Amino acid sequence: MLDLRWPIGLLFTLVGLMLAGWGLARPHGTLPVTLAVDLNLGWGLVMTLFGAAMTGWAALAPAPDDGP
Amino acid sequence: MNVHWIDYAILATYACFVVGIGLVLKRKVTDAESFFIAGRQIPAWITGLAFLSANLGALEVMGMAANGAKYGLLTNHFYWVGAIPAMVFVGVFMMPFYYGSKARSVPEYLKLRFDEKTRGLNALTFAGMTVLASGINMFAMAKVFQLLLGWSMDASILVSALVVLAYTITGGLASSIYNEVLQFFLIVFGFLPLVLLGLHDVGGWQGLSAKLPEGFIHAWSGLGSAAGNPMGIEWFGMVMGLGFVLSFGYWCTDFLVVQRAMAAEDMTAARNTPLIAAVPKMLFPFLVITPGLIALALTLHPAAGAAPLLQKLPDGTWDYNNALPMLMGHYYPTGLLGLGLTALLASFMSGMAGNVTAFNTVWTYDIYQAYLRKEAPDAHYLWMGRVATVVGIALSVGAAYMAMNFNNIMDYLQLLFSFFNAPLFATFLLGMFWQRATGHGAFWGLMAGTVAAMGHYAAIKAGVTSYPSDMAGNFYGAIYAFVVCLAGTITISLVTRPRPAEELAGLVWSLTPRPESRDVAWHRRPAVVGAVVLALTVALNLMFW
């Protein structure tokens, strides 16, 4: 059918980078919770990692059927 | 609310991906079977996550957060009591009939097992209920977008309906299922920071418990009597009404979820579909109910100088329905807010696409092909499926505008389930496990059960009987519907002529060979997976007793 790991991996990498980039460019103001890292930057990186892992998995172990 | 272009950019990226998946899968849609049942070739982990996600509409997510704020940890029972046991049951015991009979839909199974009229009744009530559920779901989502983005309800309803239309009309069920898995991950990543930030803010689980009334942080200890807990229900109504009748009625017979398992690649994958879904399902209260608890804590004990998080309604109660979006607005900065909105939109779309794909299949196979046009070329039914997709979405939009006048949206849906789904489980139970049950018995039993549930509701409205809460009333209505259907079906079956045994092979437990799972690795055997899932659920219940 379709190797779903590709779209999931790409979407999360893309959105993760958007969030992280936004966090770097425009650190948010005061929030109700104070954290050591910028929230957007931190969570963006977590999402990018997840996306990269999915993409890497799809690339290294292709589905037997057909590609993306 | 401060919304930037970055929030819109994240939403737009998501929309491009879901429509893109629809377009990629369009080339796989060559005939009606591939459009309606995805050609039965999807692996279990995908159908499993889709099984979960299709049920996880915006209504579910918002409603569970609202219930979390209103009833506390008792809401977890919608998952641990009201879902997991039924999901294990449908996987281990019922899927062999659904998948093995090669029926293309749940109503079609009823036709094979019973008769045409039972199928017709189920197809009509299911189609109607699906459209309503889809409309309420859509209304829930539009309200959030109005609250957080300042969008008009009309605009958000129109835009989201068009996106769902774009990917369901192209790729059919396969597109809906693949997108549901993508949406599942987005929901997790979009809501998880909210729970983590909230818990961090209120001082962890200990801090949260300290800020809430005693009855809100226990799942079981207040269930000894109706007065001992915020939901106004005692353990019998909870376990029998929600845990047995409503839950089994939904998870075991609702085509919306069963359709996902029917698309699986083989019998083992089909049986494992609800079992795989059960694992994230039992952890979901953490993601969707905890925000409700945090919202209540911030309402009862606002930070110094801050206003309560939830607003007071004119009738003096808190506006629970907005617990989730209010909390998101409270904690999420620009950027993360876009992700949170995307997660809400994803949950809405997965629910809506689930409803739409189930609706178009039931309409085309069980109403159109069964009664309106029996013999037509395959391409005609594929065309009709696409027409039904458009009509189903248009009807949902209509239902969304109808649904704007109810206090707690979840109670409303529970009410509908208690009318139609609760008696249905009795029909399936007897159909699958009692060879003697007949078509006349099933049809009239089902009718009687639905009428009993409606009569019970009318009695509450007329003041003849009353319950401490709407929820308790729904649970008991479901119990009555089930018992009346069970008794009616048995009585009428005994006085009508049964079908010969040879016609029922593959449809009834006693006449069907047990599915062979000896050549399947032990950790993939449905009975083993099911036992593990149940053990984990019991452990969770004990942890939050």
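If you're wondering where the values come from, they're calculated on a predicted model, not measured in any experiment.
- Both the backbone and the side chain of Leu11(A) come within contact range of chain B, with heavy atoms under 4.5 Å apart.
- Applying the side chain to side chain contact (heavy atoms under 4.5 Å, CB included) rule to Leu24(A) yields the partners Leu41(A); only residues at least two apart in sequence or on another chain are considered.
- Inspection of non-hydrogen atoms places Ala9(B), Ile10(B), Thr13(B), Tyr14(B) of residues 9-16 of chain B under 4.5 Å from chain A.
- For Thr13(A), the side chain to side chain contact (heavy atoms under 4.5 Å, CB included) criterion is met by Leu17(A), Thr48(A), Thr55(A), not counting sequence neighbours.
- Sorted by first and then second residue, the salt bridge (charged side-chain N to carboxylate O under 4.0 Å, His left out) pairs with a member in residues 171-184 of chain B read Glu180(B)-Arg260(B); sequence neighbours excluded.
- Asn40(A) and Gly335(B) make their closest contact through OD1-C, 3.7 Å (heavy atoms, listed as atom of the first residue, atom of the second, distance).
- Residue Phe189(B) comes nearest to Trp43(A) through the heavy atom pair O-NE1, 3.0 Å, listed as atom of the first residue, atom of the second, then distance.
- Below 30°, between 30° and 60°, or above 60°: for Phe185(B) and Phe12(A) the angle between ring planes is above 60°, a perpendicular geometry.
- Put simply, the residue from Leu49(B), Ile46(B), Ile42(B) that forms a side chain to side chain contact (heavy atoms under 4.5 Å, CB included) with Leu4(A) is Ile46(B).
- Only the side chain of Phe17(B) has a heavy atom closer than 4.5 Å to any heavy atom of chain A.
- Taking the six-membered ring where tryptophan is involved, the planes of Trp5(B) and Trp22(A) are perpendicular, since the angle between them exceeds 60° and thus also 30°.
- At a 4.5 Å heavy-atom cutoff, the contact between Leu186(B) and chain A is made by backbone and side-chain atoms alike.
- Heavy-atom pairs under 4.5 Å with chain B peak, among Ile8(A), Val46(A), Leu10(A), at Ile8(A).
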